Amino acid sequence: MKIARDASHASGAPSSRGQAKLARFSLFWRLLSQNLMAMVGLGVVILLAVVALLGPVLSPHDPYAQDLAVRLMPPNMSYWFGTDELGRDIFSRVLHGARITLSIVVLVAVIAAPFGLILGCVSGYRGGWFDLAIMRITDIFLAFPRLILALAFVAALGPGIENAVIAIALTSWPVYARVARAETLLVRSANYVSAARLQGASSWRVIRRYVIPMCVNSMVVRVTLDMAGIILTAAGLGFLGLGAKPPSPEWGAMIANGRQYLFDQWWLATMPGLAILFVSLGFNLLGDGLRDAFDPRG
Amino acid sequence: MLSLKFVGQTLVIAAVFLGPVNCWSATPTNILVMAKSLDDLITLDPAEAFEFSGTEIIGNLYDRLFEANRVGPGEPTPSLAQSWSVSEDGRSYEFLLKEGPVFENGRPVSAFDVVFSLRRSVILNKTPSFILSQLGFTKQNVGARVRAIDARRFVLETDRDYAPSLVMNILSSAMTSIVDREVVLAHEQDGDLGHEWLRSHSAGSGPFRLHRWNVGEYVMLEANHEYPNASTKIERFVIRDIREPATQRLMLIRGDIDIARDLGPDQIAALAEEPGIATWSAPQARIFYMALNQKNPILALTQVQLAIRYSIDYQNIVRHLLPGRAEVHQAFLPKGFIGALKETPFVLDTARARRLLIEAGHGKGFSIKADVRSDPLALQIAQAIQASLAEAGIVMDLQPGDGKQVLTKYRARRHDVYLGYWGPDYLDPHSNAAAFARNVNNANDAVDKTLAWRNSWEIPDITRRTDEATLVRDPSDRAEAYRKLQRSLQTNSPFIILFQERALFAMRKEVTGLEVGLTADQIRYERVSK
């Protein structure tokens, strides 16, 4: 028995599914952890998650508490990032804003990615008129710049965080559908898929068990790389007054408020701007690293 | 083609990034350049214009029969009119015109032009036409009721014996500007009384004439040196349509413009240390107010209304957010108007507000939605009010929107709370009284959709008192009638008046002579020089 296992190990063939998964993950982690930039990105994303979770505990002031007497204070010992036009602590607001940003990002990912994934896989697997119709619909969506389309949706739905999430999700799914379809076209005529079909597996089962798992990797990479775009779109909507409503400390809205003070009180717009930069960069670096790790040939 | 504006913005951006390279660029001495957002400018026809930018420019292109007294409240001063008399029954006015005023082509202003202009405003029936037609004029009868006697005399017959001050004040509003009948009729198309042409041309007797209006870029006015009392050495007055206050500020510092009109209090404060630049402010008739829709049963309770009045930190908002930009004012007539009420009985008193809410049966508080225009200053005020209301237990959910969106909702009576500005349409107390204290028919399909109507405030008694005040002929009795109305609305109405605005100006130090009255049509360029 012992000899056999060793033999199997030596030949590289895993003896169970679990082991195969573990082996794959360890290879993936080795590749990822060698990539310094990706680890920086991962660190930023983890930091965002921690701040979003613990923001209320970490923030030194109430992000909504106004004190007109200390408005527009430059960064100092008690207000690390300074105060805004209503005397609110910008540091606390940036921390609280992390939660809003993270929830937008997660919600969009949870809504748009599975929807795009399933639609793309079905479309690629079935082909024919269904494929044609879906792809033309994605063409229509992709023809518009993303922010403009999101703007149109929010204008129709009414301003607010929930509607901003819906609008961004509506503009994100076509990309995922395209990616999933491309991957599906590669695997749909593979031998193992044909084998499953010959054994009598239904289309849905084939898609679910044999096609979707093959698409997940590129999907994860794509979604991670998109996170920065989602954050920027959300901030853009907030900046234009169509995202979060005041007094919500959404980063884009904070920049919009700080815009008029840029010459004299730079910190109003700069601090949330840096937060957006930092987090977007983190997601991008992580996405790049994930892509390299999932597909070492690329 | 590169637009001037684009070049300007590029230069500004370049200037910011290149730092203090010396590219001083003063404007020529005989041209004055003012930067102002002209985003509301849609027409320059006096019978149609109802916007701040439009009426301001019209005020400088045309003369009216009377001109508002820029020094203090009270009777307007005659401008084109020399004298007037009113008949025994108080319904018939006879006016004598001054001899001498001429239109921009040199033709003397006659009573025929005056009669044509007044009739034209009524017949065209554009947005501001109600100002004149409320004296009882209709398309059908204006021909008979406004008529010329000879070249210098004309008669105006009203339907009731209104207070003469009301009639004079109406005849000082921008919509009664006198246009050149011959020139306007020469450009008539399909019986439009020259409306299409006059939207982008001028035919007046004012201190300036319109040289060119490039939409989105600039309006250029040319001085009329024949104009009496014009002391300006300026040949051209250019209003550049620059919408970003930060850009205006940079251009002012660099000397690209002489006057900046849209700077906020914080930017004005920052300019104080800048050499060569003077900043000042002047009172305006515009007020900032909060309106509570009476369709909401909670907001209809008197104690709740009072509680809200006591939950606003008027003084601190003005001191910190609006220094030089506004003052606390709590009655619907702005200071400078006949009968304006200066009492400000309300201050922040959260404990009292809480007691009032308990009395009203809402001790646990409640939540309401407030619509507000998403301009930076209004949003700041709204957020400050939101915070102090929260202390009293009232959760106010802010719904910012663009001006059109917010107003559409307000006019459809679909709001809970509306926060916004109100500027009188003409310089008579009736202008604001008719808006705040008059609601003839509270039905959804009413014709008169006043502010009281918008908030579904049914007030037969107050409406009657407002109408009666227009008939009080003695000036001091009339002022007292309005003071009484204001006192009653101050404590018991869906309107919470917060501030009276001031306009902020930043100019190069060498510029003098810009005259500013309470309303946009009283901002005059004719004595500007540098």
Side-chain angles (χ1 to χ4, degrees), chain A residues 61-74 82-90 93 151-152 154-164 237-250 252-270, chain B residues 12 16 244-250 253 262-274 313 315-323 348 369-388 390-391 395-406 409 419:
Chain A
H61 297 268
D62 178 350
Y64 302 105
Q66 299 177 8
D67 184 354
L68 295 181
V70 294
R71 66 192 292 264
L72 303 175
M73 292 259 274
T83 58
D84 69 2
E85 75 278 12
L86 290 165
R88 298 174 294 204
D89 178 35
I90 295 180
R93 288 177 71 73
L151 265 179
V154 176
L157 295 167
I161 285 275
E162 303 83 7
N163 290 341
L237 290 174
F239 181 81
L240 295 168
L242 292 170
K245 283 181 279 189
S248 164
E250 199 270 322
M254 286 172 72
I255 294 183
N257 282 338
R259 187 181 50 135
Q260 48 171 330
Y261 300 98
L262 207 51
F263 286 123
D264 305 298
Q265 289 90 17
W266 53 269
W267 54 92
L268 263 73
T270 309
Chain B
V12 167
V16 173
E244 191 63 51
T247 314
Q248 290 190 5
R249 177 177 161 192
L250 277 178
I253 293 172
D262 302 311
L263 303 188
D266 292 307
Q267 290 164 321
I268 292 281
L271 278 177
E273 291 137 42
E274 197 70 39
D313 198 352
Q315 298 296 342
N316 271 323
I317 292 176
V318 165
R319 187 177 311 141
H320 296 292
L321 298 182
L322 307 164
L348 178 67
K369 287 185 175 156
D371 293 290
V372 59
R373 271 174 81 138
S374 52
D375 80 79
L377 221 48
L379 271 180
Q380 281 183 31
I381 300 172
Q383 287 183 73
I385 296 173
Q386 181 183 45
S388 58
E391 299 276 308
V395 179
M396 187 167 82
D397 181 19
L398 286 181
Q399 322 251 317
D402 67 58
K404 212 170 175 180
Q405 239 174 357
V406 171
K409 198 171 166 191
L419 283 160

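The chains referred to below are lettered A, B, ... by the order of the sequence lines, with proteins before strands, and numbering in each begins at 1. Everything numeric here is computed off the predicted structure, so don't read it as measured data.
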Between [X] and chain A, with a heavy-atom cut-off of 4.5 Å, which part of the residue counts as in contact: side chain, backbone, both or neither?
{"X": "B:Pro400", "value": "both"}
{"X": "B:Leu398", "value": "both"}
{"X": "B:Asp397", "value": "side chain"}
{"X": "B:Arg319", "value": "neither"}
{"X": "B:Gln386", "value": "side chain"}

Check each atom of [X] against the heavy atoms of chain B and say whether the ones under 4.5 Å are side chain, backbone, both or neither.
{"X": "A:Tyr261", "result": "side chain"}
{"X": "A:Glu85", "result": "both"}
{"X": "A:Leu72", "result": "side chain"}

Quick check: does any side chain N or O of [X] sit under 3.5 Å from a backbone N or O of [Y], one acting as donor and the other as acceptor?
{"X": "A:Trp267", "Y": "A:Gly258", "answer": "no"}
{"X": "A:Glu250", "Y": "A:Ala253", "answer": "yes"}
{"X": "A:Asn163", "Y": "A:Leu157", "answer": "yes"}

Counting only heavy atoms from other residues, nucleotides and ligands, does the tally under 6.0 Å from NZ of A:Lys245 exceed 12?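 Yes, the 6.0 Å shell around NZ holds more than 12 heavy atoms from other groups.
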Using side chain to side chain contact (heavy atoms under 4.5 Å, CB included) as the criterion, list what pairs up with B:Gln405, not counting sequence neighbours.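 Applying side chain to side chain contact (heavy atoms under 4.5 Å, CB included) to B:Gln405 gives B:Asp402.
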For A:His61, check ring pair (Phe, Tyr, Trp, His ring centres under 6.0 Å) against everything at least two apart and list the hits.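 Scan of A:His61 (ring pair (Phe, Tyr, Trp, His ring centres under 6.0 Å), adjacent residues dropped) gives A:Tyr79.
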